[in-house]
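Each remark here refers to the structure printed beneath this line.
These values consider heavy atoms only, across backbone and side chains, with no hydrogens, waters or symmetry-generated copies.
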Amino acid sequence: MIVRTTAEITGTDREVGAQDWVSKRIVLGGDGVGFSFHETTIQPNTTHEFHYANHIEAVWLVEGEGTLHDLTNDVTYDLAPGTMYLLNGHERHQVKTRTLMRMLCVFNPPVTGKEVHDENGVYPLIAVGE
C-alpha cells in the first residue's frame, strides 16, 4: 500500500514546474503500479501547448475554468470543475486558463519523474529504472 500527501511531496524532486505551472507527481513509474498520478496547477490567464506522443493522459479538472483546444482535430472545449478529458489519440493540445486551474492527471505508461517537456511539449518515453 502507498499513502502520500501533496504536503510531503512539496519541495521534493516529485514537485516540478515552471513559472506558470506546478506538477506534484504523487505516483511515479518506480512505484510499480503501471501508471503515474499527478496533481497539476496552472496559473490564471496563461496558455500552454502539449503533445504527449508517448503517453495516454487522462485529466480530471477539480478547480478553475478555461478551454482545451484539440490542435490535432481543431475542436475547442470549455473546461470547468468536473470535466474530464482523455488524450487517447495522442492529440496535440492547448490549455488556456481563465482562472487558477487544478487538475488530477493519470499517465500510461507512467512517467518516471525525469521527464521534461521538449520544445514541442512532448515527454520522452523513459523506461522505469533509467
query = So if you build clusters from Ile, Leu, Val, Met, Phe, Trp, Tyr with side-chain heavy-atom gaps below 4.5 Å, do W21 and L28 land together?
reply = yes
inquiry  = Using 0.5 Å steps for rounding, measure from the OG1 atom of T5 to the CD1 atom of I26.
reply    = 9.0 Å
query = So, for V59 and C105, which heavy atoms are closest and what is the spacing to 0.1 Å?
reply = CG2-SG, 4.1 Å
key: Min side-chain heavy-atom separation S23-V16 under 4.5 Å   = yes
message = If we count only N and O atoms by modelled type, under 3.5 Å, do the side chains of T46 and T97 hold a donor and an acceptor together?
response = yes
key: side-chain contact (heavy atoms from CB on, under 4.5 Å) evaluation trace for V75 with H69   = CA-CA 6 Å; V75 179; H69 185 81; over 6 Å; no
ask   = P81 and G64: which non-hydrogen atoms are nearest, and at how many Å?
value = CD-O, 3.1 Å
task = Could you label the plane-to-plane angle of the H93 and Y52 rings as parallel, tilted or perpendicular, counting under 30° as parallel and over 60° as perpendicular?
result = tilted
query = Linking I/L/V/M/F/W/Y whenever their side-chain heavy atoms sit closer than 4.5 Å, directly or via other members, would V106 and L104 fall into one cluster?
reply = yes
query = Do R98 and T67 come within less than 4.5 Å of each other through their side chains, counting heavy atoms only?
reply = yes
message = Please check: side-chain N/O of N73 versus main-chain N/O of D70, any donor-acceptor pairing under 3.5 Å?
response = no
E8 side chain near R14 side chain, heavy-atom distance below 4.5 Å = no
message = Between I2 and D31, is there a side-chain heavy-atom distance shorter than 4.5 Å?
response = yes
query = Are any non-hydrogen side-chain atoms of L86 and E57 less than 4.5 angstrom apart?
reply = no
query = Is H48 close to I42 at the side-chain level, that is, under 4.5 Å between some pair of heavy atoms?
reply = yes
ask   = Quick check: does any side chain N or O of S36 sit under 3.5 Å from a backbone N or O of V111, one acting as donor and the other as acceptor?
value = yes
key: From NE2 (H90) to OG1 (T72), nearest 0.5 Å   = 10.5 Å
remark   = Heavy-atom closest pair (P110 atom, G34 atom, distance to 0.1 Å) is CD-O, 3.6 Å
ask   = Do F37 and I9 sit in the same hydrophobic cluster, where Ile, Leu, Val, Met, Phe, Trp and Tyr count as joined when their side-chain heavy atoms come under 4.5 Å apart?
value = yes
request  = Measure the CG-NE2 distance between L71 and H51 for me, rounded to the nearest 0.5 Å.
outcome  = 10.0 Å
task = Indicate yes or no: does K96 engage D78 in a salt bridge with an N to O separation below 4.0 Å.
result = no
message = Hydrophobic clustering (ILVMFWY, side-chain heavy atoms < 4.5 Å, transitive) - are I56 and F50 grouped together?
response = no
Between CD on residue Q43 and CG on residue N45, distance to nearest 0.5 Å = 10.0 Å
task = Could you grab the distance from atom CG of N108 to atom CG of N88, nearest 0.5 Å is fine?
result = 12.0 Å
request  = For the pair R25 and E15, evaluate salt bridge (Lys or Arg N to Asp or Glu O under 4.0 Å) and give the outcome as yes or no after the intermediate values.
outcome  = CA-CA 6 Å; R25 297 169 170 182; E15 180 181 47; over 6 Å; no
key: Euclidean distance, K24 NZ relative to R102 CZ, rounded to 0.5 Å   = 10.0 Å
request  = Please report the C-alpha distance between E49 and R92 in whole Å, then the side-chain angles of each, then the deciding distance to 0.1 Å, and finally whether the side-chain contact (heavy atoms from CB on, under 4.5 Å) criterion is met.
outcome  = CA-CA 7 Å; E49 191 169 315; R92 182 180 301 279; 3.7 Å; yes
Geometric class of the H55/F107 ring pair [parallel <30°, tilted 30-60°, perpendicular >60°] = perpendicular
inquiry  = Within the 4.5 Å heavy-atom criterion, are T47 and Q94 side-chain neighbours or not?
reply    = yes
query = Should E65 and L79 count as side-chain neighbours, where that means a heavy-atom distance under 4.5 Å?
reply = no
ask   = Going only through I, L, V, M, F, W and Y residues with side-chain contacts under 4.5 Å, is there a path from L87 to Y77?
value = yes
